[in-house]
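Have a look at the structure below, then the notes.
Counting starts at 1 for both ligands and their atoms, following the listed order.
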Amino acid sequence: MARTLITGGTVVEATGSVPADVLVEGERIAAVGAPGVLAGAAPGADRVLDATGKLVVPGGVDVHTHMQMPVGEVSSADSFATGTTAAAWGGVTTIVDFATQQAGEDVRASLEARLAEAEGQCAVDYGLHQIVGGVDQSALAALGDLADEGVTSIKLFMAYPGRLYSDDGQILRALQAARELGLMAMVHAENGLAIDVLRAQALARGEGAPVHHSLTRPSVLEGEAAHRAIALAEVAGDVPLYIVHMSASEALAEVAAARDAGRNVFAETCPQYLYLTVEDTLARPGDEGAAFVCSPPIRSAHDVHDHRADLWRGLRTDDLAVVSTDHCPFCRKDKEGRADFAAVPNGLGAVEHRMELLWQGVVAGHLSPERWVETCSTTPARLFGLHPRKGTLAPGADADVLVWDPAGRTRLGIGGKHHSAADHSAWEGVEVAGKVDTVLSRGTVVVEGDRFTGRVGHGRYLRRDRSSLLR
Ligand code: URP
Ligand code: ZN
Ligand code: ZN
Ligand code: ZN
């Protein structure tokens, strides 16, 4: 078994930081020990990685990505191969993507098709959630087999009427089934029917520019949907509820109230909601703004709420448990030249940059380094049945390791570090403190300095356990 010793660094876990060496044997962490001790106990390591001055942290876990996702006639820009390679470049060693069942389709068939698409195509380990876009008797019956396939979470949509949308009755039935089966229930919480009205009215007024994408999805309709999802989850026996890609202060307040009341409610946000504003993105002239269409939308800096400040606070206080990316970039040709904002495929990319971008929260004093690890690796692993295999450097865990150089700098975007297949970046020209130094996936060095040494096909399918919350 190949042995790798990572020496001289500071090991940062969610629970604390300590100067320590890490011994990797084969695909697993064998030991974490005081500096110098393991070198004596384990002479003849095949490889020694010098992490002096660097942080040694569990590889990132991004539980919300959409690789090669079809939307109408187009598809998100990253294949499993390019998207997971970009993930590796960003210190992310696990992604959880989605299988999608739509109305009238077979759940099982949608999962098998998605597993087949990903098989042999990933550079890092991957799991799947099951989207249920057509809640009916046969879809509900099929949920009983998911856990056997290692899929222990379902995702429901209160947005996108006519596509993936479920009405409240369907949401309640699916939440009851999730409760019964011990599955985590993820919800895209926006009031899709109300948004459709606002959207049709805006288009009728000739307001088709990208900025209207945000104006027709007001934050209050994200808060309202979050409230409803939380209420329905309570009625369904307090099924653990996970609200995805939170962008709005109003929604965060609903989560905070539910958590204060002792409810099993969790939420994630994404880098775009922590950093970007309408003024800097969607409001750019013409098609430049179209590049930033995603849902929920990027919010205005001049709203009644300071959404970004509230989201940072939520991350600090644990009302927001996780940072994911909702990685779903589209190439320019697919975003641009559309009749109006409503015809632009939704989504941005960030899978490569989540660790880099969130580190800026550490630099700015919003988060501790431990909280950075917790929100980007440990908690997502715990919530989605991957811990302690992922999200920790404890002995026995998969040797998924990010060696992070806090003294380095990284320039993001096409003009800098960019490995997504998308031909543009929401992060163009952004320069951040810190740098991905070395990345190991199950004991194999996959990124070393400015070289990718991994391999498409190295990544394995992760059969996830039930969330540790449910055991
Ligand atoms: O705009 C987004 N988020 N696109 C991806 C699909 C979704 O709603 O998560
Ligand atoms: Zn969504
Ligand atoms: Zn309010
Ligand atoms: Zn998504």
Glu190, Gln272, Arg217, Arg299 screened by side chain to side chain donor-acceptor pair (under 3.5 Å) with Ser247, the one that passes: Arg299

Minimum-distance protein heavy atom relative to atom 8 (O) of ligand 1: Tyr160 OH, 2.8 Å

Near-ring test His213/Phe292, centroid separation under 6.0 angstrom: no

Per-atom contacts, ligand 1 versus His245 - under 4.0 Å to a heavy atom: 8 (O), 9 (O)

Part of Lys155 within contact of ligand 1 (heavy atoms, under 4.0 Å): side chain

Count, waters excluded, of protein N, O or S atoms under 2.8 Å from the Zn ion (ligand 2): 2

Nearest heavy-atom neighbours spanning Gly434 and Thr410: O-OG1, 2.6 Å

Basic-acidic side-chain contact under 4.0 Å: Asp318, Arg371: yes

Check: Trp312 ring centre within less than 6.0 Å of Tyr275 ring centre: yes

Parallel, tilted or perpendicular: ring planes of His64 versus His245, cut at 30 and 60 degrees: tilted

Centroid separation His419 to Phe452 less than 6.0 Å: no

Per-atom contacts of ligand 1 with Cys294, taking only distances under 4.0 Å to non-hydrogen atoms: 1 (O)

Atom 6 (C) of ligand 1 [closest protein heavy-atom partner, distance rounded to 0.1 Å]: His66 NE2, 3.7 Å

Whether Cys328 has an N, O or S atom under 2.8 Å from the Zn ion (ligand 4): no

Close-contact set for ligand 1 against Asp326 heavy atoms, below 4.0 Å: 2 (C), 3 (N), 5 (C), 9 (O)

Enumerated ligand 1 atoms positioned under 4.0 Å from heavy atoms of His64: 9 (O)

Ligand-side contact atoms (ligand 1) for residue partner His188, heavy atom cut-off under 4.0 Å: 8 (O)

Within the 6.0 Å centroid threshold, strictly below: Phe98 and His66: yes

Side-chain touch Arg259/Asp319, heavy atoms, less than 4.5 angstrom: yes

Nearest neighbour in protein (non-hydrogen) for atom 1 (O) of ligand 1: Ser295 N, 2.8 Å

Heavy-atom side-chain proximity of Glu105 to Thr100 below 4.5 angstrom: no

Under-4.0 Å heavy-atom contact with ligand 1, by part of Asn346 that carries it: both

Check: Cys270 and His327 side chains under 4.5 Å, non-hydrogen atoms: no

